[in-house]
Amino acid sequence: LGSPVEGRMLCADAVACTGIENIDEAITLLEQNNWDLVAAINGVIPQENGILQSEYGGETLQGPAYGPTSHSAAGSSTPSSSSAFRHVVPSRQIVERQPRMLDFRVEYRDRNVDVVLEDSSTVGDIKRILENELQIPASKMLLKGWKTGDVDDSTVLKTLHLPKNNSLYVLTPDLPLPSSSHSGALQESLNQNFMLLVTHREVQREYNLNFSGSSTIQEVKRNVYDLTSIPVRHQLWEGWPPSATDDSMTLAVSGLTFPCHRLTVGRRSSPVQTREQSEEQCTDVHMVSDSDGDDFEDATEFGVDDGEMFGVASSALRKSPMMPENAENEGDALLQFTAEFSSRYGDCHPVYFIGSLEAAFQEAFYGKARDRKLLAIYLHHDESVLTNVFCSQMLCAESIVSYLSQNFITWAWDMTKEANRARFLTMCTRHFGSVVAQTIRTQKTDQFPLFLIIMGKRSSNEVLNVIQGNTTVDELMMRLMAAMEIFSAQQQEDIKDEDEREARENVKREQDEAYRISLEADRAKREAQEREMAEQFRLEQIRKEQEEEREAIRLSLEQSLPPEPKEESTESVSKLRIRTPSGEFFERRFLASSKLQVVFDFVASKGYPWEEYKLLGTFPRRDVTQLDPNKSLLEVKLYPQETLFLEAKE
């Protein structure tokens with residue numbers, strides 16, 4: 001390229017001739033064709049529509065004749081610098097269309113297959129290549145992961161408007177399960193049916209929807225659109241698992257609760273940034289460049305003003321303010337800002353954090369070190385000539401939106417109204433200091449919009465960069481990546497410190513836990529000993545009470561015994577000799593007319609109650625305690641003398 005101006009003119013011509021609205025895609029198309037505008041146009045315009053001729057090289061090309069009508073005629077000797085085409089008569093020299101190559105990485109279970117095809121190929125061509133690589137019949141394959149929804153085998157890749165690099169995956173629900181447990185579990189999940197209990201928030205109505213595990217999140221959202229009339233892009237969901245980060249993901253791998261999972265859907269007026277919508281990503285690029293107002297080429301060089309670049313008049317873009325003046329609640333002000341931004345510049349824009357600046361700090365800086373992010377503050381100004389170009393071409397570029405979503409918490413404020421400007425400067429002084437506030441205060445209107453990159457540190461918040469509106473997509477991306485590199489280095493240190501601190505705390509917790517367990521063991525041991533001692537004391541008390549009771553009974557029986565008859569008594573006397581279990585003997589005389597119960601009472605008075613011991617006779621051997629205690633000794637034949645034995649009962 002001769003100069004940056006020529007590059008911008010080529011890009012503008014490519015946009016005008018191809019109808020491509022995305023500047024990044026136009027630049028990519030030109031780069032793929034080595035900045036040959038004719039070849040680039042030839043690559044996207046059907047050849048049967050007409051003939052185009054390049055004034056740069058004199059070649060003819062089939063395609064429609066595009067370009068401003070104010071350029072010089074075909075016979076002009078000096079080619080125009082603002083257009084690359086003019087009407088010509090058909091020629092035999094035809095430049096054939098250069099096919100666009102698409103790269104696909106296809107995942108199937110534990111395998112990845114790389115497929116490279118022309119964009120004129122069909123989905124069926126991909127399946128046929130995979131059939132040879134994976135040895136799976138094409139009819140058994142379900143090729144998933146298309147960003148544009150369901151496709152069939154006859155769909156031409158060019159009609160899907162795919163990027164150069166794509167990721168797909170293959171499902172084979174009709175094939176037998178693989179041997180590995182992981183693949184088996186996945187295949188089983190794909191064959192399961194999930195019951196989704198979806199509540200429509202606005203009308204408080206619940207839908208019970210059945211989906212197979214191979215259905216995608218996108219298919220669920222489309223079905224909900226049919227039921228609620230809320231377009232997918234306007235659906236605001238609650239209840240999806242954190243792992244459900246991609247609408248092309250199947251329900252089987254999304255982390256849903258089986259068999260039932262509850263979700264809530266409503267209509268969103270503006271996207272709200274949450275932690276689940278973004279993932280941390282670190283870059284290894286460190287490039288800092290300061291913008292200079294003199295280096296910016298105004299959008300009028302493209303032949304249109306900044307308000308009409310996309311066919312919308314400036315007055316139409318400013319029907320209502322971005323933010324109400326003197327808003328009491330910052331969250332409500334940002335809701336209006338997001339809604340107005342979407343209405344002006346479309347839905348592809350950074351997802352602004354809804355809440356106060358302090359809440360944005362909390363979200364970005366005060367979580368775990370691994371979850372922290374940079375804070376990007378976008379300062380809007382409706383009266384700046386740079387605002388529309390910056391918002392539509394830089395801030396809404398898909399690469400910028402994606403990078404901000406992954407690595408930043410984005411917060412916005414409108415500086416157009418003086419009251420809102422003063423309010424932000426007060427917040428800026430409180431959080432960043434007077435130097436930063438003075439820097440923003442001295443910025444002129446035409447230097448807006450501003451993009452502040454903030455990094456949270458241990459003791460303060462540091463402003464890494466202040467990006468003015470006179471920048472380009474590439475420069476904006478480089479400065480974001482440079483800030484991300486600085487942040488990544490600091491984040492690694494914070495992660496290391498946090499891990500070391502957690503390790504120390506874990507050791508302390510383990511020591512405290514071990515000490516607590518030891519104390520618990522000692523306490524349990526002491527309590528067991530106390531219980532044992534108490535039990536022994538209780539048993540001893542019972543034993544003493546029993547002994548005292550037995551002794552009282554013994555004394556009572558002893559006192560109740562009739563007196564022992566003398567040997568010279570004239571009455572019949574029976575002499576009994578009783579042997580104890582310990583081998584001792586004791587003797588006593590009884591009247592032959594005395595009842596057997598008197599003998600039992602005598603034995604009990606010696607400490608051998610008949611409830612515990614039995615009295616046995618010798619010849620013949622008999623259990624005397626089984627006899628009638630009311631009979632006399634003479635009747636039970638214990639006369640005139642007898643030797644008896646005491647034996648403990650079992």
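Using a 4.5 Å heavy-atom cutoff, the side chains of Lys127 and Val170 are not in contact. Between Lys158 and Ser121, every side-chain heavy-atom pair lies at or beyond the 4.5 Å cut-off. Between Glu206 and Arg262, some side-chain heavy-atom pair lies under the 4.5 Å cut-off. Put simply, the side chain of Thr199 does not reach to within 4.5 Å of the side chain of Arg205, judged on heavy atoms. Side-chain contact between Leu157 and Ile126: present, with at least one pair of heavy atoms (C-beta onward) separated by less than 4.5 Å.
For the side chain to side chain contact (heavy atoms under 4.5 Å, CB included) test, residues two or more places apart in sequence or in another chain that qualify with Cys260 are Met195. By the ring-ring contact (aromatic ring centres under 6.0 Å, His included) test, Tyr225 pairs with no residue at all, sequence neighbours left out. In this structure, the side chain to side chain contact (heavy atoms under 4.5 Å, CB included) partners of Val401, at least two apart in sequence or on a different chain, are Cys348, Pro350. For Ser248, the side-chain hydrogen bond (donor to acceptor under 3.5 Å, both in side chains) test picks out Asp246, with sequence neighbours left out. Evaluation of the side chain to side chain contact (heavy atoms under 4.5 Å, CB included) rule for Asp247 yields Ile217, Gln218, Lys221 as partners, not counting sequence neighbours. With sequence neighbours excluded, no residue forms a side-chain hydrogen bond (donor to acceptor under 3.5 Å, both in side chains) with Arg267.
The two residues Thr471 and Met394 have their closest heavy-atom pair at O-CE, 3.3 Å. For Pro449 against His380, the heavy-atom pair with the smallest separation is CB-CA, 4.4 Å.
Residues Lys144 and Glu219 are paired through a salt bridge, judged by an N-O separation under 4.0 Å between the basic side chain and the carboxylate.
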Does the pair Leu375 and Phe353 meet the rule for a side chain to side chain contact (heavy atoms under 4.5 Å, CB included), with working shown? CA-CA 10 Å; Leu375 176 64; Phe353 182 86; over 6 Å; no
Please determine whether side chain to side chain donor-acceptor pair (under 3.5 Å) holds for the pair Asp474 and Thr472, giving the CA-CA distance in whole Å, both sets of side-chain angles, and the decisive distance to 0.1 Å. CA-CA 5 Å; Asp474 292 339; Thr472 63; 5.5 Å; no
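Judged by distance alone, the side chains of Tyr345 and Asn388 do bring a donor and an acceptor atom under 3.5 Å apart. For the residue pair Ser215 and Ser212, a side-chain donor N or O sits within less than 3.5 Å of a side-chain acceptor on the partner. Thr250 and Tyr169 share no donor-acceptor pair across their side chains, judged by distance under 3.5 Å alone.
Less than 6.0 angstrom separates the ring centroid of His349 from the ring centroid of Tyr352.
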